[in-house]
S.K.: 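Provided herewith is a single structure, encoded as structure tokens, for subsequent inquiry.
Computed from heavy atoms alone, side chains included, the values below leave out hydrogens, waters and symmetry copies.
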Amino acid sequence: MLALNNIEVVYDNAILVLRGVSLAAKAGQITALLGANGAGKTTTLKAISGLLHSERGEVTKGSVEFAGERLDRLPPHQVVERGIVQVFEGRRVFANLTVAENLTAGAHTRRDRGTVKDSIDRIFEMFPALAERHNQAAGYLSGGEQQMLVIGRALMSNPKMVLLDEPSLGLAPQLIEEIFAVIRRLKEERHLTVLLVEQNATLALTIADHGYVMENGRIVLEGPAAALQQNSDIKEFYLGLNEAGARKSYREVKHYRRRKRWLG
Amino acid sequence: MAIAFAGLAQAEDKTILIGMQCDRTGPTQVVGTMLCPGTHDYIDLINSQGGVDGWKIDASEVDTAYQVPPAVEEYEHAKQQGAVGIMIYGTPQTEALNQRLEQDKMPGTSPGFGIAASGDGQYYPYLFPIAANYWSQGAAAVKFAKDQLGGSLKGKKIAYIFYDNPAGHEPMPVIEELSKVEGFQLQTFAVPPPGVDVSSQVLAIAQEYRPDFVIDHTFGKSPALIIKGLKQNGYPLTHVVALVWASGEADIMGAGGWSVAQGYNTMQFAGAGEDYPVIKEIQAMYKKEGKEPPAAMKSTVYYNRGVQQGALWVAAIKNALTLTHGQKPTPTDVKKGFEMIHDFTLGGLNAPLTITADDHEGGGWVKIFRVKDEGFVPETQWFRAYRDLIVDREHKTAQQMAKAN
Amino acid sequence: MFHSETGVFKTSYAADMALLPLPVARWAVLGIALFFLFVVPLVFSAYLLTLVNLVLIAVVGAIGLDILTGYTGQISIGHGGFMSVGAYTAANLIVRLGVPFWLAIPAGGLMAALIGIIVGIPSLRIKGIYLAIATLASQFIIAWTINHVTWISGGIEASIQVPPPSVFGWKLQTPEQLYFFLLFFAVLAIVATLNLMRSRIGRAFIAIRDQDIAAEIIGINIFRYKLYAFAISSFYAGVTGVLYTYYLGIANYEQFGIDVSINYLAMIIIGGLGSVLGAVFGAAFITILPEATRLFLTHFGGVLFSQDTIRTLVPNLTLILFGGLIIFFLIVEPEGLNRLWRNIRNYFRLWPFSY
């Protein structure tokens with residue numbers, strides 16, 4: 001459904017951030033994009049959603065295609081009209097609008113304004129915590145509720161695909177589970193396509209169908225989620241476990257060599 | 001409550017109220033802080049001598065900071081308190097109040113600024129410029145240059161340096177017209193607001209254009225900088241004449257003092273210096289009260305203009321009281337009082353001012369004072385120039401205005 | 001304006017969407033309306049009405065600036081310029097073509113909106129203080145243009161005299177007549193803005209202010225909506241300029257200097273950014289305060305000072321007191337008068353059983 005073909009992203013005409021990134025997200029599946037801080041995950045999402053333009057970034061090579069259409073020259077609001085919506089990291093709610101107004105704002109691009117109320121009701125059904133606070137300013141919600149709200153707000157545009165950026169960041173484990181359960185439900189009930197960016201690889205791989213691993217602006221590993229979960233390198237670098245399942249000492253040279261091979 | 005207060009105070013005694021606007025805090029405070037005390041001192045002097053036929057005069061001052069909305073507020077306030085007229089301060093304020101004056105039949109004065117065409121009393125019945133307007137000033141400057149350059153301007157070069165706002169533009173058409181009449185070459189140099197940098201204009205005048213005479217019509221900090229700049233570039237200040245708002249002591253001091261400005265020609269509509277009977281009387285009044293005269297008095301140019309403004313109001317009220325046989329005059333009476341002012345010299349501080357129903361400018365008289373040693377020395381007598389041309393222009397402009405409305 | 005009370009339940013979306021959801025609010029608005037329609041014009045003196053009239057004009061301009069700065073988060077120090085655009089557009093139409101006020105006012109607004117859009121273009125790339133400088137520059141460019149193009153300014157004096165507006169052949173001249181004229185436009189501005197802010201456009205404005213990236217990401221065309229905000233805001237500014245012109249009987253660009261732009265910013269900051277009621281409070285506060293301090297000092301300063309001293313002191317003390325009070329109010333309630341009013345109201349709602 002979504003395909004990135006060998007894209008290269010440059011900021012300020014000078015800083016090369018992504019080099020030759022290719023990935024594909026299949027319709028109705030959850031695709032996980034894993035990697036450490038600064039690996040280029042968020043930049044990849046911005047290249048898809050068009051946000052690069054407002055940050056002086058540019059896709060200089062390759063193409064982003066969605067349902068057979070080039071996206072990489074479109075401004076963000078047109079990308080949303082095509083059916084892709086990004087949920088930004090850091091829970092960016094409109095603090096001074098109420099919960100209900102935040103959701104209504106999410107339906108900004110929709111032409112069928114009559115059915116917006118029904119969509120809001122469905123979001124409330126999915127996140128009962130939000131329903132209780134529908135008339136409260138979003139700035140006063142808790143972190144978990146804000147994360148639910150931004151996901152709900154993204155869904156209000158009736159997207160075909162959602163780009164989720166670090167939904168687990170800074171949340172309590174229980175809340176993370178709740179949110180991941182919702183993501184899984186969205187896939188199962190609505191057949192939503194999801195591209196999930198996470199640092200929490202264990203969790204991401206439990207709900208994902210397919211996974212990619214990024215390092216230093218390129219894809220270094222790819223495979224079905226189940227296979228990645230078993231991959232010894234992944235276990236070691238992201239899950240922090242060695243082959244025996246015990247904590248690994250960083251002094252071991254083998255680790256360094258293997259990592260070097262990856263990055264080379 | 002405050003208003004009730006004022007109303008009470010008014011009913012108690014025989015007082016005639018004049019609304020007085022002033023700028024002591026805004027962009028033209030340099031003038032306001034010197035001019036307004038002059039007006040108050042003159043009125044205090046009259047009151048200390050028993051008032052005008054037993055009537056005390058109260059000039060109720062408010063600070064407008066040279067803004068229009070406060071000027072309108074204060075005008076309405078003064079009107080409500082029963083003022084017989086209003087001393088306006090500033091050109092935009094004059095223009096904003098003009099219609100109201102006419103509507104309320106309330107006389108207002110705008111000495112040396114305001115609407116040039118309002119010298120025409122037929123079309124501006126309630127507005128009294130009571131001093132040479134910018135057109136008269138421009139014409140007088142040309143006349144002065146002509147006399148200084150040996151009686152002819154044919155083939156001469158004159159530079160007009162002006163503050164780039166409407167007031168700065170105003171004399172320009174007159175000077176342009178005169179350049180055709182007198183056959184001189186004219187080049188204009190604009191000083192953009194806020195006028196704190198005039199170096200390029202001064203260089204262009206002194207080094208490139210090298211005119212035979214310079215007419216300076218700037219405000220605020222610019223005049224001082226122009227004096228200093230021309231002096232540094234070796235341009236003779238005796239060939240510079242400043243219009244009335246570039247002619248104060250503050251401008252001389254700003255340029256570096258009297259020694260720097262030797263020879264600089266200043267145009268005045270009220271005499272400069274302290275050597276007038278009325279100023280002596282005010283000094284005596286302070287002495288009698290055991291107080292020092294105010295510092296503003298040292299700035300004779302603006303202070304004396306303030307005294308002149310006060311004196312003209314008192315004269316108008318005095319005339320009005322003859323019309324009402326001692327009864328409290330109405331604003332219209334005071335308007336008529338102004339139009340009865342005849343040959344009013346205030347012991348030499350004034351030109352022989354005559355205001356009529358047709359001529360609210362009072363003749364358009366000015367006098368040039370030259371900087372010499374530590375003060376101003378008269379260079380000319382009271383004079384006016386190209387009067388027909390100016391009056392004709394006033395009529396035409398006033399008629400156009402009347403048609404437009 | 002009036003917030004929910006417990007015990008009031010809404011049973012339909014229509015009730016939920018009403019501008020004034022509470023019965024209390026409807027009574028309050030009725031009371032305020034009666035006060036402004038009957039009490040003010042009948043009881044206030046001409047002088048007080050003059051003050052109220054200036055407040056009403058300021059209300060329109062302050063709400064306009066609040067749409068841009070308070071609601072959309074785009075700062076402007078150029079609103080004085082937009083006001084003069086409106087003023088000269090209307091004055092030229094009125095004097096040259098004899099256009100009636102109901103055409104001159106929107107025409108002035110539209111021309112200002114057009115210029116506002118042009119000034120707003122840099123807002124795509126620059127924010128905050130940088131945008132402030134760009135708008136400041138526009139103010140100088142507008143002033144320069146009016147000063148130098150006599151076709152616009154109507155002559156060297158750069159002021160155009162305008163006859164009073166006439167309604168059904170009645171010339172509106174006295175403060176009372178102008179009061180109703182201005183009240184109409186102030187109320188129109190208030191109601192229009194309250195409704196605008198509940199609409200799709202208003203939500204987009206607030207979204208851009210709160211989180212511009214998130215707004216972009218949910219599909220709001222940021223550039224277009226920023227330009228909408230500039231256009232609407234400068235439309236209000238243009239209308240303010242025309243109202244001033246009618247009120248003073250003259251269009252003169254020197255009345256709309258940088259100090260005016262800053263005064264309007266002060267109004268919305270002191271009133272509380274992003275609130276219509278705050279803009280109204282701020283407009284009233286900034287317009288009345290200098291006058292109130294001046295009256296206070298002239299009448300009670302006599303206790304401490306001689307008449308001579310008062311004359312020199314009052315103007316300066318007024319400035320100091322004015323500045324001091326602004327700082328005082330901002331320390332007491334950084335979110336402005338609107339917040340102060342809400343706090344007071346909330347206190348009395350629970351009184352005497354607070355907490």
Side-chain angles (χ1 to χ4, degrees), chain A residues 45-46 48-56 75-98 100-110 113 116-117 120 134-139 146 149-150 152-159 162-163 165, chain C residues 2-6 8-10 12-17 21-22 66 70-73 123-127 196-228 272-276 278 335-336 338-339 342:
Chain A
L45 291 192
K46 284 180 184 165
I48 301 168
S49 64
L51 258 192
L52 277 184
H53 302 291
S54 47
E55 298 185 352
R56 297 159 164 262
H77 61 98
Q78 289 188 13
V79 174
V80 175
E81 282 164 19
R82 302 288 188 283
I84 299 189
V85 65
Q86 181 177 354
V87 178
F88 222 75
E89 66 181 323
R91 305 190 281 276
R92 305 194 182 210
V93 297
F94 303 133
N96 291 290
L97 292 179
T98 66
E101 283 169 340
N102 260 276
L103 293 175
T104 315
H108 187 83
T109 53
R110 271 168 62 173
R113 295 194 195 140
V116 168
K117 288 262 175 323
I120 292 180
H134 75 278
N135 232 345
Q136 210 172 60
Q146 290 190 352
L149 181 58
V150 292
R153 190 178 65 195
L155 294 175
M156 286 297 295
S157 66
N158 276 349
V162 176
L163 313 175
D165 197 356
Chain C
F2 298 90
H3 278 259
S4 311
E5 290 278 1
T6 47
V8 179
F9 299 102
K10 289 150 204 156
S12 69
Y13 276 125
D16 197 27
M17 285 179 64
L22 300 179
D66 207 24
Y71 283 104
T72 320
S123 70
L124 176 67
R125 294 185 70 89
I126 54 179
K127 291 176 187 170
L196 176 74
M197 286 310 148
R198 300 170 339 125
S199 73
R200 190 173 124 90
I201 296 175
R203 268 193 310 274
F205 287 169
I206 297 170
I208 290 171
R209 177 197 65 194
D210 280 2
Q211 282 291 344
D212 53 349
I213 293 177
E216 204 172 2
I217 216 83
I218 60 167
I220 293 170
N221 184 342
I222 295 217
F223 187 41
R224 184 190 297 165
Y225 277 89
K226 278 181 180 173
L227 290 190
Y228 282 169
L273 287 172
S275 132
V276 171
E335 287 177 49
N338 182 44
R339 183 54 186 266
R342 283 210 322 251

S.K.: Given a strict heavy-atom distance threshold of 4.5 Å, which part of C/Y71 is in contact with chain A: side chain, backbone, both, or neither?
M.R.: neither
S.K.: Verify the ring-centre separation between C/Y225 and A/H108: is it less than 6.0 angstrom?
M.R.: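 Yes, close enough.
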S.K.: Suppose we screen for side-chain hydrogen bond (donor to acceptor under 3.5 Å, both in side chains). Which residues come up paired with A/R56, at least two apart in sequence or across chains?
M.R.: none
S.K.: Got a list of side-chain donor-acceptor pairs under 3.5 Å for residues 89-96 of chain A, not counting sequence neighbours?
M.R.:
unit_1, atom_1, unit_2, atom_2, d
A/R91, NE, A/G143, O, 3.4
A/R91, NH1, A/L169, O, 2.9
A/N96, ND2, C/D210, OD1, 3.1

S.K.: Please enumerate all residues that pass side-chain hydrogen bond (donor to acceptor under 3.5 Å, both in side chains) together with C/K226, with sequence neighbours excluded.
M.R.: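 With neighbours one apart ignored, the set is empty.
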S.K.: With only heavy atoms counted, which part of A/T109 is less than 4.5 Å from chain C, the side chain, the backbone, both or neither?
M.R.: both
S.K.: Nearest 0.5 Å please: distance from the CG atom of A/L97 over to the CD atom of C/Q211.
M.R.: 11.0 Å
S.K.: Considering only heavy atoms, which portion of A/Q78 lies under 4.5 Å from any heavy atom of chain C: side chain, backbone, both, or neither?
M.R.: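 Neither part; nothing is under 4.5 Å.
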S.K.: Rounded to the nearest 0.5 Å, what's the gap from CZ on C/R203 to OG1 on A/T98? Could you check?
M.R.: 9.0 Å
S.K.: Measure distances from A/E81 to the heavy atoms of chain C and classify the residue's part below 4.5 Å as side chain, backbone, both or neither.
M.R.: neither
S.K.: May I ask you to list the residues in residues 215-222 of chain C that approach chain A closer than 4.5 angstrom, counting heavy atoms only, ordered by number?
M.R.: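 So the qualifying residues are C/A215, C/E216, C/I217, C/I218, C/G219, C/I220, C/N221.
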